[in-house]
Amino acid sequence: MNTDIFAAHESNVRRYGRSFPTVFTKALGATIQDEAGKSYIDFLVGSGALNYGHNNPSILTPAIEYLAGANILLSLDMYTVAKREFIEVFVDSILKPRGLSYKLQFPGPTGTNANEAALALARKYTGRSSVMAFTNSFHGMSLGSLAASGSASTRKLGGVPRHDVVRVPYDGYPNQAFDSASYIDYVLGDSGSGIEKPAAIILETIQAEGGMNTASATWLREIHRICRKHGVVLIVDDIQAGAGRTGEFFSFEFVKIEPDIVCLSKSLSGSGNPLSMVLIRPDMDVWSPGEHSGTFRGNNLAFVTAEAMCKMWSDRRFTAGVERLACKLQGYLDRLAANVPQCIEEKRGRGLMAGLKCRSQVDIGRLHDIAFENGLLIESSGPNRDVIKILPPITITDHELDRGITILNHALQEQANGNCPSI
Ligand code: PLP
């Protein structure tokens with residue numbers, strides 16, 4: 001496999017190419033193929049950007065027709081038919097059935113674009129400058145998002161000081177005995193705490209990059225209540241956990257809270273096309289016209305695929321299928337964790353957003369390599385990168401899921417036994 005050109009010309013910063021040293025060419029559903037014709041099951045899915053699998057025909061067919069029809073592709077924030085139809089379907093198929101009402105902002109197309117917009121809006125709305133962000137959070141690679149992120153190596157990027165972020169403990173940090181919600185409530189109400197009232201609290205309901213730390217329903221409800229009580233904007237960064245990943249469209253649906261602002265990106269287009277959106281409580285939409293901008297706010301091909309994706313959520317067979325797969329995956333992972341307790345400390349996550357926290361003796365690099373050699377793409381996260389992320393497409397077939405889990409099981413068994421023949 002010729003990978004020389006990447007090493008010769010692509011920046012040293014490249015990462016996934018090193019983890020998976022092959023050249024990929026085609027993909028369908030949860031299966032991705034390299035130039036040599038070898039197939040892999042994809043549990044990485046573009047780090048959560050391909051929740052609906054590769055080249056999902058229900059999503060791509062309208063896009064192919066759109067492309068062939070001399071339709072608008074880029075439109076800044078002008079009105080287009082594709083955007084109008086996406087908004088109609090998003091409101092009717094996603095917001096209304098969930099009793100939600102938001103204004104929609106389309107910032108630049110990446111996740112961090114959405115978070116930057118959300119943080120700026122919360123600061124403008126409240127007139128306050130600081131935000132509260134959590135231990136082990138990850139919000140993106142631009143300065144405002146970096147400042148809100150927890151990881152030391154991430155925060156140090158950019159080489160400038162990070163101001164105006166108050167770090168607070170996430171649910172279960174540093175351990176389950178500590179009640180972080182009560183702590184936050186207390187410091188916000190205590191004039192002696194030295195902590196000024198922030199504009200916003202920004203959180204992920206599951207901290208994907210932070211190690212698949214999973215907030216409980218009780219904690220999320222408490223944080224929601226605390227935000228209301230102290231007049232602080234609640235921003236849910238649903239960039240990785242949203243758009244269906246947990247088995248419901250929004251990752252916070254199971255707690256029945258209504259965040260003030262929700263950030264979506266990654267799988268929002270359903271196709272891997274870049275698109276992001278900020279959902280804003282209507283009375284908080286204090287933007288002046290043109291105050292926040294970005295060239296790539298009008299990716300119409302992404303509107304077309306996002307519309308097709310949103311329509312799927314009105315199909316009861318589709319939602320029942322996702323629920324069934326989520327149960328199946330969770331059952332598999334319970335058994336896996338029980339089979340190799342010497343490797344796995346605990347299962348984390350919810351729905352189809354799952355993680356396995358490895359014990360310290362597990363050589364994660366080797367585990368990835370064994371999985372890769374046998375045809376499975378996985379990655380790990382967390383401050384020590386010792387949590388295996390398991391993100392199958394939410395549309396994965398039973399056969400692909402079984403195959404992926406078999407390979408993962410094999411890789412774990414080989415770790416446990418200390419040898420690694422191929423299966
Ligand atoms: N927020 C969360 C929760 C993420 O997981 C990510 C990316 O992994 C981002 C924000 C940043 O998204 P992007 O890389 O598209 O800027």
Side-chain angles (χ1 to χ4, degrees), residues 13-16 19 43-51 105-120 122 131-151 153-155 157-158 165 170-171 200-215 220 234-246 249-252 259 261-279 294-297 299 302 306 348-355 378-383 385 387 389-391:
V13 77
R14 65 197 189 283
R15 171 174 145 214
Y16 289 111
S19 307
F43 279 6
L44 170 71
V45 291
S47 196
L50 291 161
N51 285 357
Q105 179 186 357
F106 299 98
T110 67
T112 199
N113 291 147
N115 281 339
E116 294 284 356
L119 292 168
V131 294
M132 274 186 170
F134 289 96
T135 49
N136 284 314
S137 56
F138 180 71
H139 299 292
M141 295 302 248
S142 53
L143 283 183
S145 302
L146 281 177
S149 298
S151 145
S153 58
T154 304
R155 287 169 54 72
L157 282 168
V165 173
Y170 193 68
D171 192 15
I201 292 183
I202 181 166
L203 64 82
E204 300 152 88
T205 64
I206 300 176
Q207 296 182 317
E209 300 312 309
M212 303 301 272
N213 308 312
T214 310
L220 288 168
L234 176 60
I235 302 173
V236 170
D237 173 347
D238 227 11
I239 286 162
Q240 191 156 168
R245 177 43 61 196
T246 60
F249 187 85
F250 294 108
S251 72
F252 52 84
I261 299 183
V262 181
C263 297
L264 292 169
S265 184
K266 288 205 190 260
S267 283
L268 176 62
S269 76
S271 58
N273 251 307
L275 179 67
S276 86
M277 194 158 63
V278 184
L279 312 185
T295 305
F296 291 107
R297 286 171 294 161
N299 180 354
R348 294 182 178 172
R350 208 153 25 81
L352 288 140
M353 184 161 191
I378 42 167
E379 70 167 331
S380 54
S381 71
R385 298 213 80 79
V387 181
K389 279 176 78 180
I390 298 153
L391 304 181

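Both counts, for ligands and for their atoms, begin at 1 and track the order of listing.
The one candidate from Gln207, Glu204, Lys389, Arg245 that meets the side chain to side chain donor-acceptor pair (under 3.5 Å) condition with Gln240 is Lys389. When each of Asp238, Leu220, Asp237 is paired with Ser251, the side chain to side chain contact (heavy atoms under 4.5 Å, CB included) condition holds for Asp238 and for no other.
Between Ser153 and Ser151, the side chains place a donor N or O and an acceptor N or O closer than 3.5 Å (distance only, hydrogens not considered).
At the top of the distance list for atom 11 (C) of ligand 1, counting protein heavy atoms only, stands Gly140 CA, 3.7 Å. Summary of contacts: the protein heavy atom closest to atom 5 (O) of ligand 1 is Gln240 NE2, 2.8 Å. With hydrogens left out, the protein atom closest to atom 4 (C) of ligand 1 is Phe138 CD2, 3.9 Å, a heavy atom.
At under 3.5 Å, a nitrogen or oxygen of Gly111, whether backbone or side chain, sits near a nitrogen or oxygen of ligand 1.
Close approach of ligand 1 to Asn115 is summarised as follows: ligand atoms under 4.0 Å from at least one heavy atom of the residue are 1 (N), 10 (C). Residue-ligand proximity, Thr110 to ligand 1, at heavy-atom distances under 4.0 Å covers atoms 15 (O), 16 (O). Close approach of ligand 1 to Asp237 (heavy-atom distance below 4.0 Å) involves ligand atoms 1 (N), 2 (C), 3 (C), 10 (C).
If you look at Thr112 next to ligand 1, the close heavy atoms, those under 4.0 Å, come from the backbone and the side chain alike. If you look at Glu204 next to ligand 1, the close heavy atoms, those under 4.0 Å, all belong to the side chain. Neither the backbone nor the side chain of Asn113 has any atom closer than 4.0 Å to an atom of ligand 1 (non-hydrogen atoms only).
Residue Lys266 places a heavy atom less than 4.0 Å from ligand 1.
For the atom pair CG (Asn113) and SG (Cys263), the distance works out to 10.5 Å, reported to the nearest 0.5 Å. Distance check: Ile239 CD1 to Thr110 OG1 gives 8.0 Å after rounding to the nearest 0.5 Å. To the nearest 0.5 angstrom, Tyr16 atom OH is 5.5 Å from Leu44 atom CG. Rounded to the nearest 0.5 angstrom, Asn273 CG and Ser267 OG are separated by 12.0 Å.
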Test side-chain contact (heavy atoms from CB on, under 4.5 Å) on Arg350 and Thr246; report intermediate values, then the result. CA-CA 6 Å; Arg350 208 153 25 81; Thr246 60; 4.0 Å; yes
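Within 4.0 Å of atom 16 (O) of ligand 1, at least one protein heavy atom is present.
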